[in-house]
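Read through the structure below, which is laid out as structure tokens, and then see the notes.
Every value quoted in this text rests on a predicted model; they were computed, and no experiment measured them.
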Amino acid sequence: MKRILIAVSLILGGTYAAAAGEDPIYTSWTSSKAVGGYDTVAYFKEGKPVKGSKKFKTKYMDAEWRFSSQENLDLFLADPAKYAPQYGGYCAWAMGGAENGTRGFTASGDPEIWKIVDGKLYLNYDKSVAKKWNVDIPGFIEKADRFYPETVDLEE
């Protein structure tokens with residue numbers, strides 16, 4: 001239902017940013033794939049984004065996660081929190097309150113725009129947003145850690 005509301009809002013020319021109740025894992029409104037179908041374990045093992053395969057997939061937090069190998073799928077299944085992107089794959093800068101810092105909001109995270117910080121995977125909306133996020137990564141992480149539970153529905 002949330003995806004339908006977003007689609008209608010976009011078609012009518014409005015914007016959509018829910019204060020709370022978003023899905024905990026970002027998926028596009030036309031797909032249920034987390035991280036756009038990329039293998040989240042590969043960021044840690046190979047140091048780059050790698051497309052996952054429908055041959056190696058699992059369901060976690062109501063999203064489909066794909067992996068490039070059985071080994072990576074097994075690693076994810078053993079510790080999903082270790083490999084899943086922070087803030088469910090939403091843009092880390094937006095979740096950190098962007099420039100105003102008063103509250104986080106959801107924006108898509110691009111699997112090609114990523115960074116591992118202190119052993120955690122973060123995605124950003126695009127390269128220009130990543131540059132803004134890079135100015136104060138610890139500050140945005142601190143705020144986003146606080147805002148994420150208030151912004152999404154973790155009870156699903």
Heavy atoms of K51 and G36 approach each other most closely as NZ-O, 3.0 Å

Side chain proximity check, F67 to T58, heavy atoms < 4.5 angstrom:
yes

Are the side chains of R103 and E150 in contact, using a 4.5 Å heavy-atom criterion?
no

Indicate every side-chain donor-acceptor pair of residues 71-78 with a distance under 3.5 Å to a residue at least two apart or in another chain.
residue : atom : partner : partner atom : Å
E71     : OE2  : K45     : NZ           : 3.3
N72     : OD1  : K45     : NZ           : 2.7
N72     : ND2  : D39     : OD2          : 2.7
D74     : OD1  : Q70     : NE2          : 2.8

If Ile, Leu, Val, Met, Phe, Trp and Tyr residues are connected whenever their side-chain heavy atoms lie under 4.5 Å apart, and connections chain through other members, are V117 and I113 in the same group?
no

Looking at side-chain heavy atoms only, is the closest gap between Y83 and Y43 below 4.5 Å?
no

Does the gap between the ring centers of Y122 and W133 come in under 6.0 Å?
yes

Greater than 12 external heavy atoms within 6.0 Å of E46's CD
yes

Which atom pair, heavy atoms only, marks the closest approach of A63 to A34?
CB-CB, 4.0 Å

Answer yes if V35 and L121 sit in the same cluster of Ile, Leu, Val, Met, Phe, Trp and Tyr residues linked by side chain heavy atoms under 4.5 Å apart, and no otherwise.
yes

Can you tell me how far apart OH (Y26) and CG (L123) are? Round to the nearest 0.5 Å.
10.5 Å

Side chains of K115 and N124: is there a donor and an acceptor less than 3.5 Å apart?
no

Would a distance-only check, ignoring hydrogens and angles, find a side-chain to backbone donor-acceptor pair under 3.5 Å from W65 to K33?
no

For P24 and M61, work out which heavy atoms get closest and say how close.
CB-CE, 3.7 Å

Spatial distance of atom CZ (F44) from atom CD1 (I116) [nearest 0.5 Å]
4.5 Å

State whether a side-chain donor-acceptor pair under 3.5 Å links Q86 with Y148.
no

Could you state the interatomic distance from OG1 (T40) to NZ (K82), rounded to the nearest 0.5 Å?
11.5 Å

More than 12 heavy atoms of other residues, nucleotides or ligands under 6.0 Å from NZ of K59: yes or no?
yes

Spacing of Y125 atom OH and S108 atom OG [to the nearest 0.5 Å]:
5.5 Å

D118 atom CG, neighbour heavy-atom count above 12 within 6.0 Å:
no

Do V50 and W114 belong to the same hydrophobic cluster, where Ile, Leu, Val, Met, Phe, Trp and Tyr are linked whenever their side-chain heavy atoms lie under 4.5 Å apart, directly or via other members?
no

Could you measure the distance from the OH atom of Y90 to the CE atom of M95? Nearest 0.5 Å is fine.
7.0 Å

Pi-cation contact, F140 with K143 (under 6.0 Å, within 45°)
yes

Nearest-0.5 Å distance, SG of residue C91 to CG of residue D110:
10.0 Å

Do you know the tightest heavy-atom contact between Y60 and A84?
CE2-CB, 4.5 Å

